[in-house]
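FYI, side chains are in, hydrogens and waters are out, and symmetry mates aren't considered; it's all heavy atoms of this structure.
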Protein chains: 4
Amino acid sequence: MTATPVRFGLFGSGRIGQVHAASIAASPDAELAWIADPFIDGAERLAAQYGGKTTTDPAEVFASGDVDAVLVASPTPTHVDLIRAAVEAGIPVLCEKPIDLDIARVEALRPVVAAAGVPVALGFNRRFDPGFRTARDRVAAGEIGRLEQLTIISRDPSAPPASYVAVSGGIFRDMTIHDFDMARFFLPDIIEVTAFGTTTFDDGAREHGDFDTTTAILKSASGALVTIVNSRHSTTGYDQRIEVYGSEGDLTVANQGTSLVSLSNANGVAAGAPFEASMVTRYTPSYRAELAEFIALVRGEASTSPTFDDGRAALLLADAAQRSATEGVSVAVDLT
Amino acid sequence: MTATPVRFGLFGSGRIGQVHAASIAASPDAELAWIADPFIDGAERLAAQYGGKTTTDPAEVFASGDVDAVLVASPTPTHVDLIRAAVEAGIPVLCEKPIDLDIARVEALRPVVAAAGVPVALGFNRRFDPGFRTARDRVAAGEIGRLEQLTIISRDPSAPPASYVAVSGGIFRDMTIHDFDMARFFLPDIIEVTAFGTTTFDDGAREHGDFDTTTAILKSASGALVTIVNSRHSTTGYDQRIEVYGSEGDLTVANQGTSLVSLSNANGVAAGAPFEASMVTRYTPSYRAELAEFIALVRGEASTSPTFDDGRAALLLADAAQRSATEGVSVAVDLT
Amino acid sequence: MTATPVRFGLFGSGRIGQVHAASIAASPDAELAWIADPFIDGAERLAAQYGGKTTTDPAEVFASGDVDAVLVASPTPTHVDLIRAAVEAGIPVLCEKPIDLDIARVEALRPVVAAAGVPVALGFNRRFDPGFRTARDRVAAGEIGRLEQLTIISRDPSAPPASYVAVSGGIFRDMTIHDFDMARFFLPDIIEVTAFGTTTFDDGAREHGDFDTTTAILKSASGALVTIVNSRHSTTGYDQRIEVYGSEGDLTVANQGTSLVSLSNANGVAAGAPFEASMVTRYTPSYRAELAEFIALVRGEASTSPTFDDGRAALLLADAAQRSATEGVSVAVDLT
Amino acid sequence: MTATPVRFGLFGSGRIGQVHAASIAASPDAELAWIADPFIDGAERLAAQYGGKTTTDPAEVFASGDVDAVLVASPTPTHVDLIRAAVEAGIPVLCEKPIDLDIARVEALRPVVAAAGVPVALGFNRRFDPGFRTARDRVAAGEIGRLEQLTIISRDPSAPPASYVAVSGGIFRDMTIHDFDMARFFLPDIIEVTAFGTTTFDDGAREHGDFDTTTAILKSASGALVTIVNSRHSTTGYDQRIEVYGSEGDLTVANQGTSLVSLSNANGVAAGAPFEASMVTRYTPSYRAELAEFIALVRGEASTSPTFDDGRAALLLADAAQRSATEGVSVAVDLT
C-alpha cells in the first residue's frame, strides 16, 4: 500500500482495454500514465475518465520514461511487436491472449523474451477467478485425491459479429484458448488434443469457415482426461462451469447468478434470473486479481501470473485443436 | 416376514381409508380382513381391489374374531366410540387424527384407554416421513447442538370444499394439528401457544368462520421457539418444509420435487416442475412406515407409534391456538 | 455525473461510519468533506484514506459552509440532536437507525422535521439490497397476486459484545428494527405486533435482560401476516432470507453465498462455503444504493429514501414488540 | 387392467433377473410363470418369492405352452440363442443389453428377427426413466429449439469385480452402451464415434486391458455433438445426469438424491446425503415402465420399446468406441 503505484502504459482502448483501465483505476497500487491507440478518440475517452496522457504512437509511451509497465490490449496482430518493444525497453508487460495467431511468430519471439529477463505475463484472467482458483487450490491440497477427469463448460452469451470472426483466428484460438489454459491450470502436462466442431447457428462462423459449437478432449501425461464443451451462444447467460472428478470426491464450480430472487408458481419452482451475461461483470474480480498479481511480478515479489510460455502452450493446443477438428485426427502436442 | 400377517379391520373407505387399504395391501405383514363403512359401495370397492369382507356395522367387525387390529379412518365424530369399542374388545387400534373435536370427550376416554392396556396409536404419519424423521434423529444425535428454533412451513396445495370446512373443527384442529404434533416430535414439552389467523382467499373458510392463513408460535419448556406457517393453498404444490436452528448448525428438510428435469432459457434458470401436490403421493412412504410401526406395536415389539396421549396433546394445542387466534391472547398449556 | 459532487459531513468513524465513508469515496457524485468524531484518531484515519477535514465538534461541520449534506453514523443517543441541528441549518441528513431509543424524543423531534422541510432520510439500507428490492418490486408488479404471508429470516453471524448489548436498547430496537422496516417495505400498514423472546445462548443478553432468540408476528391492515424469525447467531454465516407467499405464486430471496465452489464426496453432496458473514460484505451494494438514493433526495430528484416517519414507525413496532414479548400480550399499533 | 396378465418366462435369476422378477410381480398386467437358470437355487428363490415354475432348461419354458413372453436376463453369451429360440417359437422377447459381444453374431441374427415378425425388445431401461424421458419429450416438443449439444454424465458408484470385467466385453460394450443408446434416444442418426480411455484406479480394468475412465464424442447427421463422460466410480453415488443445449434453451436432468435433509454449519452450507448408489433403487421406475411398454408391445398396442435394431446400433457404437480408443482414430459408423 505504501509502495509507489506502478505507472501503466495501456495499449488499446477497446472493450478489453476499457476493462483494464477500470482495473488500474480501482487499484491503489496502479496508475494509468499513458493510453495509446491509433483511434485517439478512444484513448482520450479513457484518459478523461481515469487520467493519463494519450498518443497514437506506442513508441512515445516507451520513450516517455513515465511508465513502469505496459498492458497490451490492442488487436492481436500488434502483440508480438509490442512485447518485443517492451522487453527491449526493459519494461514488464502484461499481454492479452493470444500472443499471436501464428505460432511461428511466437516461437521466434520466445528466445527474445527468455533472454531479456523482463517479466512477460499473459492475460489468462480466469486463473484469478475466485471460483476456479479455489477449486484448483483445493485439488492441489488433495481434497479430492487423484484428479481423474476435468470437465469445462464454457459457453458465451452470444456469437460475436461476423467481422470479428473473420480475424479471430477461429473459435479455438479465440475462445477455447481460455479453456486450454484453464485445463493446464489444473493439468499442465497435456500430451494430446482431439477436437470436434460444427456450425449450427452462426452465419458469421459459416461464412468464415469457423465453428460455433465445439468439444475438445485433452489427455494429460497423468492419464487424466479433460473435456471442454464450447458454444458461441447460451440463452441463459454466460455458462462458465467446471467439474473436477477425483478419486475421493468431486469439486464443482457453479455459474454466477445475477439475482438471489426466484419465483415459484403453478408453472414450476425456483425460476431464478439468468446468469451473468457479460464478460465484464462475470469476470471483474478476476481482472482485478490478475492486475494485482502482475503488479507483484513487476515489483519482483512472488507472483503466479501466467507466463509467455503459458501463452505459447495455449496457442499450441489451439493449433492442435484446429487441425484435429478439420482433419479428423488426434494430435500429439509437446508443450515443453 | 415369517410371522403371521396382522389381520386388519378398516373403518372408513374414503380418501384416507383408501390410503391405508393400499398400505395394508402393500405390506407382507398385514392383511385386509374387514372393511366397514355405512356407504357400503366404498367398502366393496376396496374389498374388490384388496380383499376382505365388508359390512356397514362396525360391531360386526369386532364380533367376527377375524381381526387382530383395527384402523380407524372414518369421520372424526366416530373415533371416540370406535376406540372405546376396540379397547373394550382388547383389539389394538390405529386411529386417524384428530381423536375428536371435543377435548372433553377425549379426556373422558383417556382413563379408559390407560386402564385397558390395549395399544392405541394415533395417525400422525408425518413422524414417519423419511426427511422429518431423519432431521429429528440427527437433532437427537446432537448434530446441531442445542435446538434453539424450529420453523415448520406447511401449506396445502388447495383449500378443501366448504362442506368439509364446515365440519373440520377449524384449520388448527384439522390441518395445523399435524404441525403441532411435528413440533412435539422435536420438542415434546410445549408450554404456551399463540396463534394468528386471517381469511384472505377461501370463501369456504369465510362462510364458516374459519381461517385460511395462519401462523402459530409455540414456546417449549427449554426456551426454544417454534414457528408454524400454514396456508390452505400453495400454487407450487404441497409446501412441506422444516428448518431447525441449533447452537452448532441448522438442519433443513426441503420439498419433494416431482421431476429431476429443469429448464433454463432467456427467461431464467433452472425452472423445475412443481412439488408433489397430493397428500397421497407426498406421504406414501410415511403411511407405509406408520403401518409397519403400528404392526410392531400390535406384536408387542419396540415401537415409536404416536400414542393416544400424543393425540390428546395435539388437540390441546389446537384448542389453545383456536382460542389464541380468536381472543388475541397467548394461552398456556399443560400437556401432562 | 456532470453535476457537482455532494459534499458530505460524516458524524462517527466507527464500524458503520467506515462503511459510509467507503460508499462516499466510491461514488462519483459524493465527496467526503468533513469527519467529526470525539475520538479524533478514528476521524483522522478515515480522512487519510478518503480525504476530508476532521474535527471533534459537530458544530464546526455545520458552521463550515463546506457541506451539502450530513450522514449521522455516531452513537444512537446523539442522533436526535444531530438531526435537529441539521434541519435547523437547512442541511439534508441521512441518519442511521434507530432515531433514538426513546420514542418520546422521536415524537418531539417529529414536528420540527416536518416543519423544516429539509430532507431527512433513515438508514434502512436493506430496502436497497438488490434481492429484497427486486422481490418487493415484483410483488408490487402483481407477479404473485395478492400478498398473503411474508416470512423474514434474519440471523446474525454472532452475538455482539455484552457492552454493546447493554446500550443497544434490546434486540427489537437494535436488530429486529431492520426487519420491522422490511415488513413495512412490503406492507406499510401494520396494525398489530406480537413478539416472543428467549435467551438461550448469549451471556451478554442474559446479563442485560435482553433476548438472543426471537420471533415476531405482525398483522397488516390487509390481513396479511408477517413472521420475523431472529437470532443473534447463525453458524453458517449471515442468514438473511425472505419468502413472500401470494395468491398466484411465491417469491424467495436466498442467502448470499461466498463461493461458487462445492464439494461432493462420500459424506454427502454439494457442500458449499458458508454464507457471507459480515454486514459489510453482505450489504455493500445496498449501502451504495442507499447513498445514491439519498443524493437524489438532496438534489431534489425523485427518491425512495426511507423517511423520518419510516424511522419512527419502525421504532414504534420495536417498542410494541418489546412490550409484547415481556408482558405476553399482542400490542395494537397506530403508525399514522 | 381387465386384460389377462401376460405370462412371463424369465431367463436368469441373478441381479438383473431379480429386478425384472420384482417388476413382473408388481405389475397387475404380468405374471411370473417360469424361471429358468442352470443355478436352480436362484430360480427357486425367486419362485418362492414371486411364484412360477422353475427349470434349468430354457427349452422346457418354450415347450411349456405356459408363457406369452420371455425376458432374457441371463449372461450375455446366451442372449442370441435365446432370442432365436423365442422368435422361432413365436414368443415375444425382451432381452437385456447387449445382444452379444460379437457384432457378427448380431448381424447373423438380424434377418432372422426381421423375418419372424415376432416382437423383440431391448432392455435399454433408461429410456423409461421419468427424467430422461421427460427431457427427451420436451426437446421433441421444441421447447429448446434446435438441439445443438448433448452431454451425458454417467458414473457408476464403484467398479465391478475383476472377474466381471474379464467377461464384460470392456467398458464401452458393458457400461457406455446405455449412454450410446441414450444418445440415440435424442439423436438417432449418429455418424461418427471418437472415444478416449484411461485406467487410473481399477486394478481389474488394468489386469484385463480395459479402461475405467472414458470420454466419447459422437457426431450426429444434424451436426449436433454428443459428449459422454464415464467413470467406473463416483464417490457421491450414482452420477447420472444429462444436459441438452438448444438454440432456445437448455434442459438438465439432475441426480436423484436420497434425502431431502441437508445440514449447514460452520463448515459449509447445505450438505445433503449422497445420491442413490444402486442401479436398482435409482432405476426402479424405469424398469417398471420398460416392462409396461413391452407388455403393450406383446399385446399389439402402440409401444416405444427399443428394438433389436436399437440394440445392434448401440453395439456398433460401442465397437467403434473400442476401436477409436485403442487406435486413436475417429470411426465413422453406419447404423442403417
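- At a 4.5 Å heavy-atom cutoff, the contact between N230(B) and chain C is made by backbone atoms alone.
- Contact record, G328(B) with S330(C): O-OG, 4.0 Å, taken as the closest heavy-atom pair.
- For the options T227(B), T151(B), I144(B), heavy-atom pairs under 4.5 Å to chain C are most numerous at T227(B).
- With a 4.5 angstrom heavy-atom cutoff, T214(B) touches chain C only via backbone atoms.
- L225(B) approaches T213(C) most closely through the heavy-atom pair CD1-O, 3.9 Å.
- For the set I153(B), T198(B), D239(B), the entry with the most heavy-atom pairs within less than 4.5 Å of chain C is T198(B).
- Separating the CD1 atom in I217(B) from the OG1 atom in T215(C) is a distance of 5.0 Å, to the nearest 0.5 Å.
- Of all heavy-atom pairs between T235(C) and D250(B), the closest is OG1-N, 4.5 Å.
- For R155(C) and Y245(B), the positive end sits near the middle of the six-membered ring, less than 6.0 Å away and at most 45° from its axis.
- With rounding to the nearest 0.5 angstrom, the CD atom of E248(B) is 8.0 Å from the NE2 atom of H233(C).
- Using a cutoff of 4.0 Å between basic side-chain nitrogens and carboxylate oxygens, R232(B) and E148(C) are not scored as salt-bridged.
- Residues R146(B) and F201(C) fail the side-chain proximity criterion, which asks for heavy atoms closer than 4.5 Å.
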**Message:** Test side-chain contact (heavy atoms from CB on, under 4.5 Å) on V329(B) and V329(C); report intermediate values, then the result.
**Reply:** CA-CA 6 Å; V329(B) 293; V329(C) 293; over 6 Å; no
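- Remark: the S231(B) side chain and the Q149(C) side chain contain no N/O donor-acceptor pair separated by less than 3.5 Å.
- Only the side chain of T236(B) comes within less than 4.5 Å of a heavy atom in chain C; its backbone stays farther off.
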